[in-house]
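What follows is one structure encoded as structure tokens, with my remarks underneath.
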Amino acid sequence: MEVVICKSKGEASKLAAEMITKAVKANPKTVLGLATGSTPVGMYDEMAKAVKAGEVSYKQVRSWNLDEYYGLPPTHDQSYRYFMNKNLFEKIDIDLANTHVLDGLAADPEKECADYEKQIKDAGGIDIQVLGIGSDGHIAFNEPGTSLTSRTSVVYLTPSTIKDNARLFFGGDESKVPTRALSMGVGTICEAKKIILLAFGENKQDALLGMVEGGITQFCTASILQMHPDVWVFCDEAAAAKLKLKEYYAWRSATKLGK
Ligand code: F6R
């Protein structure tokens, strides 16, 4: 796991976007796994800038998102489909038909999840998976206590995640945050060939510590990423503050990135 500690969220977002731009230039048919939340927005803006500058095209890229709230239609302004359209898809030249987000209104949600897994498999798997991390160490909506081999399924949000998500979304009203979601599993995420995880701010310190330097445990589902051969963590100094080997990670990753 490479931990790239940046001076600012802006610098980290730029570096992560550069990694994706480079990959899509090398393989225009890249399959992306995408995340929502407040964390990747700056990176999505940087990706859009590169498209606008004519540096890269997403015309042949296909994407699968991590999760969607159960019970929200795609048109709901707090749905993850709506978020992706506004924050990325409408800003780049991707074909909307090539973008996939789980259907929060699926009549048979378990079938929806099984079909999603099959779609990803048929696409040849995810080349690059973008992740944020919850303050409780979750990836996608895989909350503490989730099996580290879980597959895409209906999941239950913890009170802490509901609180975190209400803070920035749903007008701050916890009662409006759905309590369930459809989410890629931990096992599904780990099959991605490469993983880019972003983490910013003091609120993510404990989660990052658990993920990078803690033991592997289902109580911090992100900790399983220690077993993955190609994970890049782009974070700011606030999120990295509790890491014991932060100077070492910073030097090693800067050297590898040629910075
Ligand atoms: C989003 C997702 C979540 C978020 C995490 C962090 O699709 O799956 O795991 O990445 O909850 O959210 P933010 O970025 O809002 O702090």
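Counting convention: from 1, in listed order, for ligands and their atoms alike. Sequential numbering from 1 along the given sequence is applied to the chain's residues. Quick note: numbers below take in every heavy atom, side chains included, and nothing from hydrogens, waters or symmetry partners.
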**Message:** Quick one, K193 and I128 - any side-chain contact, counting heavy atoms below 4.5 Å?
**Reply:** no

**Asked** At what distance is the nearest protein heavy atom to atom 11 (O) of ligand 1, and which residue and atom is it?
**Response** H138 NE2, 2.7 Å

**Nearest protein heavy atom with distance in Å, relative to atom 14 (O) of ligand 1** = T39 OG1, 2.4 Å

**Asked** atom 15 (O) of ligand 1: which protein heavy atom is closest, and how many Å away?
**Response** S38 N, 2.9 Å

**Over all atoms of both residues, closest heavy-atom pair of L105 and G71** = CD2-O, 3.5 Å

**Message:** Distance under 4.0 Å to a non-hydrogen atom of L66: what atoms of ligand 1 satisfy this?
**Reply:** 8 (O)

**Request:** Would you please classify the geometry between the Y69 ring and the Y80 ring as parallel, tilted or perpendicular, with 30° and 60° separating the classes?
**Result:** tilted

**Request:** Would you mind finding which of I133, T161, V41, L34 brings a heavy atom closest to atom 6 (C) of ligand 1?
**Result:** I133

**Request:** Could you list the atoms of ligand 1 found under 4.0 angstrom from a heavy atom of G37?
**Result:** 14 (O), 15 (O)

**Request:** Starting from atom 8 (O) of ligand 1, find the nearest protein heavy-atom neighbour and note its residue, name and distance.
**Result:** D67 OD2, 2.5 Å

**Prompt:** Nearest protein heavy atom to atom 16 (O) of ligand 1, by residue and atom, and its distance?
**Reply:** K204 NZ, 2.7 Å

**Request:** Go through the side-chain N and O atoms of S135 and D164 and say whether any donor and acceptor fall under 3.5 Å apart.
**Result:** yes

**Nearest-contact summary for atom 1 (C) of ligand 1 - protein heavy atom, Å** = T36 OG1, 3.2 Å

**Request:** Kindly identify the option in A222, A140, G132 whose heavy atom sits closest to atom 9 (O) of ligand 1.
**Result:** A140

**Asked** Would you call the rings of F169 and F83 parallel, tilted or perpendicular if under 30° counts as parallel and over 60° as perpendicular?
**Response** perpendicular

**Item:** Between F234 and F200, ring centroids under 6.0 Å
**Value:** no

**Request:** Check each of T221, T161, T158 against H138 using the side chain to side chain donor-acceptor pair (under 3.5 Å) test, and report the only one that passes.
**Result:** T161

